[in-house]
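Heads up, the thing below is written out as structure tokens.
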2 protein chains.
Amino acid sequence: MQVAAQGGASEGGGGLTKRQGTVLERALGLLVEGGERALTTAGVARAANCSKESLYKWFGDRDGLLSAMIAYQAGKVRTVEVEAETLTAERLRLHLVAFARDLIDVLSGDVSLALNRLAIGQASREGAKLGRLLQERGRRQIGRRAAALLEAGRKAGLIAFDSAEETYGTLYGLIVSDMHLRMLLGEDTGALRQEFTPRAEKAVDAFLRLYGVKG
Amino acid sequence: MQVAAQGGASEGGGGLTKRQGTVLERALGLLVEGGERALTTAGVARAANCSKESLYKWFGDRDGLLSAMIAYQAGKVRTVEVEAETLTAERLRLHLVAFARDLIDVLSGDVSLALNRLAIGQASREGAKLGRLLQERGRRQIGRRAAALLEAGRKAGLIAFDSAEETYGTLYGLIVSDMHLRMLLGEDTGALRQEFTPRAEKAVDAFLRLYGVKG
DNA sequence: CCTTATGCGTACCGTACGGTACGGTTCGGA
DNA sequence: TCCGAACCGTACCGTACGGTACGCATAAGG
């Protein structure tokens with residue numbers, strides 16, 4: 001502790017200092033552990049060994065803290081760009097299965113679930129600002145990876161579709177179904193986690209049956 | 001006002017009086033309007049012209065009130081049983097599209113969204129009791145209708161599948177995709193609502209391409 | 001050594017909520 | 001007519017939270 005690094009210099013990824021990053025990390029930990037009720041300003045200050053006054057100076061108010069938490073967490077997820085290799089049917093399938101696994105893993109993560117619960121809980125408040133933020137930072141990111149993958153498959157003549165957006169929607173639905181909602185509602189993720197790999201494979205199989213060329 | 005109807009007699013659907021039903025109706029209105037923050041015991045009492053003491057007598061505590069709201073709302077949804085008529089491919093398709101439309105309509109309803117947000121917000125609290133209740137009363141009900149429909153289609157030799165549960169999961173994913181989550185996060189339902197019918201038809205088409213026999 | 005900035009820890013304030021208690025009132029039944 | 005049960009409206013209590021203010025410690029810079 002006492003590493004400090006204040007003053008506006010030594011900024012990390014998104015315009016905030018390392019100290020502020022660790023504070024957000026602690027706040028995320030509190031959120032995961034006890035939900036929104038546990039995410040009080042006093043609690044964050046205590047858990048992060050900082051003062052409430054600093055919290056308000058850094059993040060403005062409680063909502064600013066929540067937004068910063070979402071932005072911070074989203075900034076940690078880096079999408080893996082798929083290089084334009086020569087795709088075969090089998091390689092495309094493997095890439096799709098890997099994407100499906102990654103998608104499921106992200107959605108079932110503790111922090112992701114906690115942040116989604118938080119944003120959903122605030123949806124009827126102040127124009128769903130957190131929800132839009134989560135949507136923008138989260139879905140857009142992983143959607144881009146999917147779009148690139150689908151486009152590569154189309155260029156290789158392995159799959160055919162009109163709208164990439166709509167096709168991605170179908171792929172998403174086949175992979176996720178209502179699993180995300182069930183986890184958000186509190187269903188034990190441990191029991192579901194064992195089914196992740198076969199689920200991903202079945203979803204991709206169905207997807208390729210729908211969009212695959214001569215399949 | 002002053003209609004009363006007290007005393008334990010004149011019970012309605014689920015073991016509660018008409019008076020209590022109207023109270024729950026008012027509470028649901030408050031929840032839809034302002035989210036969980038607006039659902040205070042004093043607010044419900046004021047909106048329903050009853051006393052807080054009566055609320056606690058009838059529902060125990062705040063959680064009891066929330067559970068009663070979910071049970072009450074779930075009790076209003078009646079699943080339409082499909083009679084075992086002779087199914088043709090076209091009739092099955094029409095039934096599936098009707099089911100898809102109904103599913104989308106239910107999920108996009110104000111009260112449904114508000115209750116789902118409520119249950120999700122409470123998911124990290126006391127073992128996700130509300131989430132399980134919502135799951136039990138909501139999904140099971142509409143899932144039964146889907147299962148009956150799928151079974152009828154299979155018996156008529158129009159579709160083929162192994163697990164009805166898994167097949168229903170696929171159908172659900174094709175219909176809903178991430179639309180439910182987006183609405184829960186606060187995305188405007190008006191913009192999405194225009195796309196409901198084509199979405200339902202496309203989903204059913206894809207489903208029949210996956211599971212339809214010869215065709 | 002002095003000054004200034006930054007931030008921790010704590011105390012404080014106003015508010016709002018869950019839950020309880022009580023007086024007054026209405027209504028059904030004897 | 002009287003009794004008791006249910007109930008409304010309101011007041012009340014304890015607590016917890018968001019946000020602010022203050023005193024003190026620490027460290028950089030002249």
Side-chain angles (χ1 to χ4, degrees), chain A residues 1-11 16-24 26-27 30-31 33-69 118 121-122 124-126 129-130, chain B residues 1-12 15-24 26-27 30-31 33-69 118 121-122 124-126 129-130:
Chain A
M1 303 69 188
Q2 278 89 348
V3 184
Q6 316 91 320
S10 73
E11 291 190 353
L16 33 77
T17 67
K18 288 180 184 174
R19 179 92 177 94
Q20 292 162 9
T22 64
V23 169
L24 293 178
R26 292 300 223 151
L30 282 181
L31 181 65
E33 190 180 341
E36 187 181 356
R37 319 273 305 212
L39 198 70
T40 67
T41 55
V44 172
R46 198 180 323 116
N49 287 325
C50 73
S51 71
K52 288 172 65 175
E53 198 169 11
S54 301
L55 290 182
Y56 284 98
K57 171 181 282 187
W58 293 333
F59 307 110
D61 58 357
R62 190 173 185 270
D63 262 29
L65 175 64
L66 303 185
S67 301
M69 287 168 63
L118 176 66
Q122 304 267 338
S124 24
R125 194 142 187 93
E126 71 162 311
K129 184 182 158 216
L130 292 185
Chain B
M1 304 68 189
Q2 279 91 347
V3 183
Q6 315 92 318
S10 73
E11 291 190 352
L16 34 77
T17 66
K18 288 180 186 175
R19 177 92 176 95
Q20 291 162 10
T22 64
V23 169
L24 293 178
R26 293 298 224 154
L30 282 181
L31 181 65
E33 191 179 340
E36 187 181 357
R37 319 275 303 211
L39 198 71
T40 66
T41 55
V44 172
R46 198 181 323 118
N49 288 326
C50 73
S51 71
K52 288 172 65 176
E53 197 168 13
S54 299
L55 290 182
Y56 284 98
K57 171 179 284 187
W58 293 334
F59 306 110
D61 57 357
R62 189 173 184 270
D63 262 27
L65 175 64
L66 303 184
S67 301
M69 288 169 62
L118 176 66
Q122 304 266 337
S124 20
R125 195 141 186 92
E126 70 163 310
K129 186 182 158 217
L130 293 184

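Keep in mind that the numbers below use all heavy atoms, side chains included, and drop hydrogens, waters and symmetry copies. A quick note: this is a predicted structure, and the numbers were derived from the prediction, not measured.
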Query raised in the report: Going through the checks in order, is the side chain to side chain contact (heavy atoms under 4.5 Å, CB included) test met by A/Trp58 and A/Thr17?
Result: CA-CA 10 Å; A/Trp58 293 333; A/Thr17 67; 5.8 Å; no
Query raised in the report: Nearest-Å distance, CZ (A/Arg19) to C1' (C/dG7)?
Result: 9 Å
Report task. Return the value, rounded to whole Å, for the distance between atom CG of B/Leu55 and atom C1' of D/dC8. Result -> 11 Å
Query raised in the report: What heavy-atom pair brings A/Thr41 and A/Tyr56 nearest, and what distance separates the two atoms?
Result: CG2-OH, 3.3 Å
Query raised in the report: A/Leu130 versus A/Arg125: any side-chain heavy-atom pair under 4.5 Å?
Result: no
**Report entry** Phosphate-side-chain proximity, B/Ser54 and D/dC7, N/O vs OP1/OP2 below 4.0 Å
**Finding:** no
Report summary line: Rounding to the nearest 10°, end axes of the helix from C/dC1-D/dG30 to C/dA30-D/dT1 built from five pairs each make an angle of 0°
Query raised in the report: Any idea which heavy atoms bring A/Leu65 and A/Val44 closest together, and the distance?
Result: CD2-CG2, 4.3 Å
Query raised in the report: Does B/Trp58 make a side-chain N or O approach to OP1 or OP2 of D/dA6 shorter than 4.0 Å?
Result: no
Query - A/Gly35 versus B/Ser124, closest heavy-atom pair with distance - result: CA-OG, 3.5 Å
Requested in this report: Mind running side chain to side chain contact (heavy atoms under 4.5 Å, CB included) on A/Leu66 and A/Leu31 for me, showing each step along the way?
Outcome: CA-CA 10 Å; A/Leu66 303 185; A/Leu31 181 65; over 6 Å; no
Query raised in the report: What does nucleotides 12-23 of chain C look like as a protein-contact string, B for base, S for sugar-phosphate only, - for none, at under 4.0 angstrom between heavy atoms?
Result: -----SBBBBB-
Query - Min side-chain heavy-atom separation A/Val23-A/Asn49 under 4.5 Å - result: no
Report summary line: When rounded to whole Å, the CD to P distance for the pair A/Gln20 and C/dC8 reads 10 Å
Requested in this report: Please tell me if the side chains of B/Cys50 and B/Arg26 come closer than 4.5 Å, counting only heavy atoms from C-beta onward.
Outcome: no
